[in-house]
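Nothing here was measured: the structure is a model prediction, and the numbers come from that model.
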Amino acid sequence: MTEPTETTDPNYDGAFDAIVVGAGLAGSAAAITMAREGLDVIAIERGSSPGAKNVFGGVLYTPTLRELVDVDDAPLERYVAEKRFSMLTPEDETAVSMRPGAWHEEPHNDSYTVLRGEFDEWLAEQAVEDGTVLVTETTVTDLLRDERGTIVGVDTDRPNGELRAPIVVLAEGANSLVTERADLKETADRSDVAVAVKEVLEFPDTEGAIEQRFRLTDEAGVSYHYFGEGAVGDAFGGGFLYTNEDTVSVGIAYRISDAVDRQPKPEETLNAFKSHPAVAPLVRNGRTVEYTAKTIPEGGPDAIPDLVHDGAVVVGDAAGLVLNNGVHLEGTNMAIESGYHAGRAVAEAIEAGRVDAAALSSYPEHLEGSFVVRNLERYGWLMERAIEDRDLLFADLPRAIADAGEEYFRIDRDPKAVHAENAKERVLETVGGWTGAAKLAWRYRKVVS
Amino acid sequence: MSAQPSVPDVDNATLEDRLYTVKYEDPGDSHLDVKVPGFCAERCDTDDCIDVCPAGVWQQTDDGVPQIAYENCLECGSCRFACPLNNVVWEYPENGAGVTYRHG
Ligand SMILES: Cc1cc2nc3c(=O)[nH]c(=O)nc-3n(C[C@H](O)[C@H](O)[C@H](O)COP(=O)(O)OP(=O)(O)OC[C@H]3O[C@@H](n4cnc5c(N)ncnc54)[C@H](O)[C@@H]3O)c2cc1C
Ligand code: SF4
Ligand code: SF4
């Protein structure tokens, strides 16, 4: 184990303009931005290295990252050449798949699979190269305030571990103990948080398994999302499968409020998903090289806490900035974007010799104008509706569509028109006839507008 | 041809084997606890902490106060959100101890 830098060094106190809590995506993006603006930055990470405690699906989205670092240098696994969305009943699969030719070209739609252990360490290294001081194996336990209530630093689990600086950037992720303890955020309701489990699989006995099973060459990869009863029972959530260079990431995520009463344990739900007839052929003979678990904030725009305080900003998952609505599972780009805007705002405030919330307000202003808040608001309603309609959307409709597909393509001696009519009837009966279908279309019209 | 095409067997590793894949350093004592044991015993009959945990940390006991196998913990945080009585004490293991993921 590498010897961690001691934060007890008295020279540290007051030596920094900003303290970053957590060297994940949001924290490192903020550190890079601030260091480039000439600030003295220290990042405190609880893992033995950045990424050592981090888990995601996943696909890293890189539009903002590209502005900050040389993405070609990063430890990327594969670019996403195919996106596929499947509805699973317990027996059937009905899927939509996209393989646009353009995704094979740089910059590959800014979507790459990565593994966080390696990637986060690399990103933090970029921050260090820009002058950030990185301290690992150190957990921030609380915030320090002055008599006026302004946040003036952090306390850590190191002996005499207090550290002071004008600004604290809270980038601690979904399990935001420090932000909550400091009363900057309420603990999320369990219906606004998903539990996720994931396995990384390798295929030692099946040469070329990934290329063959997913129809891939070179550095192309896939992102598969699954919904419906066959994925996560009657919980609200879904399954995912991503290809890495030599491994496959497979997992599930669903709301904690469902995990406690509608579902077998997460581990068993994962087993059932992997054994689904549509998934098993893709993961068979896989050897588990790692099993991981994490939470995902999914409270949407209403759950975003105040982003700026006197002496502090909140970024990334700690601020609930994740879009997880079934179709999209995006937090990486929002973490990086928020870290970037926060970093800029901190630099401006320090330059102006101020640390109060008002002086930091360009961060929430820029974030509101960016895709982060706009996407969250755009899809916030979708989550609410989808939860109200969950039985229809995740169980009844997938079954009806699978049946309808089977009927539509049925080969027998009846004319095709009969099958088409039957198929239509099967779907209509589930959604409540043409009136029901029209109502449903109206309810979800904004998905495509 | 057989009528029912066989779904290939997926050999799912046991929870024990899964947990073995994760590098772990024992912090020495538990970073998890319950605030008021009496709440678990008398006011909670759902055991949501047990149901949500992907690592089998929380275990049923006769007296209704769950036993905590903290060394299995993957530090996901789910039990903290799951407990309806907000009765879970949850700290990070000190100085980076606990799990270290290689892939993540
Ligand atoms: C299963 C799963 C699948 C996902 N899939 C995708 C996907 O495919 N695409 C996508 O875009 N997003 C995905 N997401 C969301 C995405 O992972 C997050 O939005 C993103 O990681 C948030 O970054 P962050 O920097 O805010 O937090 P994190 O990445 O969680 O980083 C927080 C950092 O802070 C450190 N830390 C925490 N507390 C302390 C403390 N007290 N002291 C010191 N250090 C601390 C942690 O160790 C960590 O390094 C997924 C999430 C999960 C859980
Ligand atoms: S859910 Fe909470 S109250 Fe109930 S047994 Fe678990 S910790 Fe105790
Ligand atoms: S943090 Fe996660 S793994 Fe650890 S005890 Fe709680 S639910 Fe289980």
Looking at [options], which has the largest count of heavy-atom pairs under 4.5 Å with chain B?
{"options": "A:Val200, A:Val193, A:Val197, A:Thr141", "value": "A:Val193"}
{"options": "A:Asn271, A:Val55, A:Thr247, A:Leu201", "value": "A:Asn271"}
{"options": "A:Ala278, A:Ser49, A:Ser257, A:Pro281", "value": "A:Pro281"}
{"options": "A:Arg46, A:Arg190, A:Arg116, A:Arg287", "value": "A:Arg46"}
{"options": "A:Lys274, A:Arg284, A:Lys294, A:Gln263", "value": "A:Lys274"}

Which bit of A:Ala174 is near chain B, if near means a heavy-atom gap under 4.5 Å: side chain, backbone, both or neither? backbone

If I measure from the heavy atoms of chain B, does A:Val289 come under 4.5 Å with its side chain, its backbone, both, or neither? both

Scan side-chain atoms only and decide if [X] and [Y] contain a donor-acceptor pair under the 3.5 Å cut-off.
{"X": "A:Ser176", "Y": "A:Glu180", "answer": "yes"}
{"X": "B:Asn72", "Y": "B:Tyr24", "answer": "no"}
{"X": "A:Tyr254", "Y": "A:Thr269", "answer": "yes"}
{"X": "A:Asp120", "Y": "A:Asn54", "answer": "yes"}
{"X": "A:Asn244", "Y": "A:Glu77", "answer": "no"}
{"X": "A:Thr136", "Y": "A:Glu45", "answer": "no"}
{"X": "A:Glu199", "Y": "A:Thr288", "answer": "yes"}

Could you tell me which of [options] has the largest number of non-hydrogen atom pairs under 4.5 Å with chain A?
{"options": "B:Gly77, B:Pro93, B:Cys53, B:Ser78", "answer": "B:Ser78"}
{"options": "B:Asp51, B:Val10, B:Asn12", "answer": "B:Asn12"}
{"options": "B:Asn86, B:Asp17, B:Ile50", "answer": "B:Ile50"}
{"options": "B:Arg80, B:Lys23, B:Glu91", "answer": "B:Arg80"}

Between [X] and chain A, which part of the residue has a heavy atom less than 4.5 Å away: side chain, backbone, both or neither?
{"X": "B:Thr46", "result": "neither"}
{"X": "B:Cys49", "result": "neither"}
{"X": "B:Asp47", "result": "neither"}
{"X": "B:Val22", "result": "side chain"}

Counting only heavy atoms not in A:Arg262 (residues, nucleotides, ligands), do more than 12 fall under 6.0 Å from its CZ? yes

Please check if atom CD in B:Gln67 has more than 12 non-hydrogen atoms from other residues, nucleotides or ligands closer than 6.0 Å.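 Counting neighbours around CD of B:Gln67, 12 or fewer heavy atoms of other residues, nucleotides or ligands fall under 6.0 Å, so no.
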
Could you please spell out the steps behind the side chain to side chain contact (heavy atoms under 4.5 Å, CB included) verdict for A:Lys53 and B:Tyr101? CA-CA 6 Å; A:Lys53 302 275 191 186; B:Tyr101 293 135; 5.6 Å; no

